[in-house]
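Lettering follows sequence order; numbering is per chain, from 1. Since the model is a prediction, treat every value here as computed from it, not as a measurement.
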Amino acid sequence: SLIIFLMLLVSCSAVKRKQFAPCKNLVLFFHDIIYNGNNAGNATSAIVGAPEGGNLTKLASMFHFGNIVVFDDPITLDNNLHSKAVGRAQGFYIYDTKNTYTSWLGFTFVLNSTEHQGTITFAGADPIMQKTRDISVTGGTGDFFMHRGIATIMTDAFEGEVYFRLHVDIKFYECW
Amino acid sequence: SLIIFLMLLVSCSAVKRKQFAPCKNLVLFFHDIIYNGNNAGNATSAIVGAPEGGNLTKLASMFHFGNIVVFDDPITLDNNLHSKAVGRAQGFYIYDTKNTYTSWLGFTFVLNSTEHQGTITFAGADPIMQKTRDISVTGGTGDFFMHRGIATIMTDAFEGEVYFRLHVDIKFYECW
Amino acid sequence: SLIIFLMLLVSCSAVKRKQFAPCKNLVLFFHDIIYNGNNAGNATSAIVGAPEGGNLTKLASMFHFGNIVVFDDPITLDNNLHSKAVGRAQGFYIYDTKNTYTSWLGFTFVLNSTEHQGTITFAGADPIMQKTRDISVTGGTGDFFMHRGIATIMTDAFEGEVYFRLHVDIKFYECW
């Protein structure tokens with residue numbers, strides 16, 4: 001009986017400790033083409049807020065500090081902008097530092113493919129110049145019901161001030 | 001003893017599995033009257049960001065893509081705008097698609113009634129044209145200390161581009 | 001054997017119940033100097049959205065309703081603006097009420113000191129005129145991996161419409 005007791009104690013405490021290996025992992029790309037006054041057909045995002053002296057077709061000086069950008073970007077399984085989209089990344093980012101490139105992100109992956117149906121919501125600071133940076137996955141719906149986790153973001157491409165592509169490695173640690 | 005072991009195993013794993021029936025449920029309405037230049041007295045929200053060519057008293061063309069709206073809307077227990085408010089819905093939404101109506105929501109219910117004291121914070125994508133859509137409840141305070149859940153939103157009324165009313169069915173799955 | 005069963009039942013249910021005493025506590029200050037057209041060198045934040053009739057160098061009338069402010073503020077361990085910064089508070093706030101001072105906050109503490117490396121993300125309503133107000137800690141990374149909690153905010157200083165300092169008492173209840 002003592003043995004049973006000990007075994008069960010172990011079993012229970014294993015229950016208590018949350019897992020630090022992801023319970024689910026998802027790697028996706030999304031593609032942002034910012035409106036610059038001449039690309040209305042292709043653009044997937046637009047500047048909608050700017051600091052004093054700024055305008056809405058050109059990112060501001062001082063590392064774009066104060067620009068708010070709204071986006072509806074295609075999500076793909078690989079790094080090809082023209083691959084079939086599996087969903088849309090929707091939300092906004094704000095450039096928030098005057099002496100380097102950083103932004104604050106609030107957005108949602110709306111996934112709608114044979115493999116995944118549901119949403120994943122992200123929030124956090126993005127120190128853009130670092131190779132990898134972690135933001136929080138604060139919630140999910142559908143296939144991602146009540147999920148939480150960490151997303152590691154990498155800039156996979158950056159072309160002038162018109163196009164960038166992010167590699168997003170989503171690790172869920174709470175899966176339900 | 002084996003029976004005890006199995007019983008306890010079941011009991012422990014029941015501890016592990018989180019509950020999928022809500023531990024708390026709340027149905028509320030909130031009412032948004034957008035400022036259009038002529039309704040300063042009644043308006044509960046205002047356009048504060050717009051894409052190039054837009055303005056702050058009229059929602060933009062292209063499905064309002066790029067408009068940021070700040071709101072402080074009354075929350076009621078039923079669908080009547082004139083019912084006693086039990087709190088305020090405060091935050092913002094951003095119209096974020098060029099070819100249909102979708103928005104991204106970041107807001108908080110600040111409840112202050114005999115029944116509920118505390119806040120509930122929401123974030124997520126709102127594909128407005130769908131009858132029901134789920135967003136994440138990412139946190140709470142007061143009576144909703146550390147709560148998490150899912151809110152199902154329905155457009156309960158929509159009058160031109162001045163008034164809408166949302167039916168919000170909040171299901172908490174983590175209640176503390 | 002019955003005794004063992006009961007003991008283990010207690011042990012398991014103790015596992016289930018989450019702790020209501022914080023598993024980690026952090027008290028920090030951050031300092032916001034808003035750009036007013038004449039303090040570009042010192043300013044740590046800027047108005048980037050305003051209601052109709054507003055501008056970007058002066059907070060709007062009607063309790064600043066409709067102003068969006070982006071910030072990159074120094075975080076310190078004490079209430080001295082000139083103390084060594086242990087990180088930056090980055091994000092935005094929106095003034096969202098017409099008849100009193102309230103705001104909606106979305107921001108992240110990016111901590112980078114010998115003591116703490118990682119981010120803490122916050123969201124929620126801030127009824128500024130109340131002495132203390134609670135907002136949600138919706139996620140964390142690094143040292144704050146997957147953390148959740150409640151932050152109690154106090155206005156520690158307020159100087160005209162140029163400088164304020166917030167005292168932030170972060171209580172984590174989910175620590176991993």
Under 4.5 Å from any heavy atom of chain C, what part of B/Thr57 do you find: side chain, backbone, both or neither? side chain
How about CE on B/Met154, more than 12 heavy atoms from neighbouring residues, nucleotides or ligands closer than 6.0 Å, or not? yes
With rounding to the nearest 0.5 angstrom, report the CD1 to CZ distance, C/Ile150 to B/Phe145. 5.5 Å
With under 30° as parallel and over 60° as perpendicular, where do the rings of C/Tyr173 and B/Trp176 fit, or are they tilted in between? perpendicular
Identify each donor-acceptor pair in which a side-chain atom of residues 64-77 of chain B lies under 3.5 Å from a protein atom, sequence neighbours left out, and give them as a table.
{"residue": "B/His64", "atom": "ND1", "partner": "B/Ala60", "partner atom": "O", "Å": "2.8"}
{"residue": "B/Asn67", "atom": "OD1", "partner": "B/Ala60", "partner atom": "N", "Å": "2.6"}
{"residue": "B/Asn67", "atom": "ND2", "partner": "B/Gly49", "partner atom": "O", "Å": "3.2"}
{"residue": "B/Asp72", "atom": "OD1", "partner": "B/Arg88", "partner atom": "NE", "Å": "3.1"}
{"residue": "B/Asp72", "atom": "OD1", "partner": "B/Gln90", "partner atom": "NE2", "Å": "2.9"}
{"residue": "B/Asp72", "atom": "OD2", "partner": "B/Arg88", "partner atom": "NH2", "Å": "3.2"}
{"residue": "B/Asp73", "atom": "OD1", "partner": "B/Thr44", "partner atom": "OG1", "Å": "2.6"}
{"residue": "B/Thr76", "atom": "OG1", "partner": "B/His31", "partner atom": "NE2", "Å": "2.8"}
{"residue": "B/Thr76", "atom": "OG1", "partner": "B/Asp78", "partner atom": "O", "Å": "2.6"}

How long is the span from the CD atom in C/Glu52 to the CD1 atom in B/Ile47, to the nearest 0.5 Å? 9.5 Å
Roughly how far, to the nearest 0.5 Å, is CZ of C/Arg148 from NE2 of B/His147? 10.0 Å
Please answer whether the main-chain N or O of B/Gly140 pairs with a side-chain N or O of C/Ser136 as donor and acceptor at a distance below 3.5 Å. yes
Atom group of C/Leu105 that falls short of 4.5 Å from chain B, counting heavy atoms: neither
Return yes when atom NZ of C/Lys58 has more than 12 non-hydrogen atoms of other residues, nucleotides or ligands closer than 6.0 Å, and no otherwise. no
Counting N and O atoms only, with roles assigned by atom type, does the side chain of C/Lys98 sit under 3.5 Å from a partner on the main chain of B/Ala40, one being a donor and the other an acceptor? yes
Using a heavy-atom cutoff of under 4.5 Å, enumerate the residues of residues 106-125 of chain C that contact chain B, numbered in order, or state 'none'. C/Ala123, C/Gly124, C/Ala125
Contacting region of C/Tyr93 [heavy-atom separation from chain B under 4.5 Å]: neither
Chain B contact via C/Ser103 - which portion, at a heavy-atom distance below 4.5 Å: neither
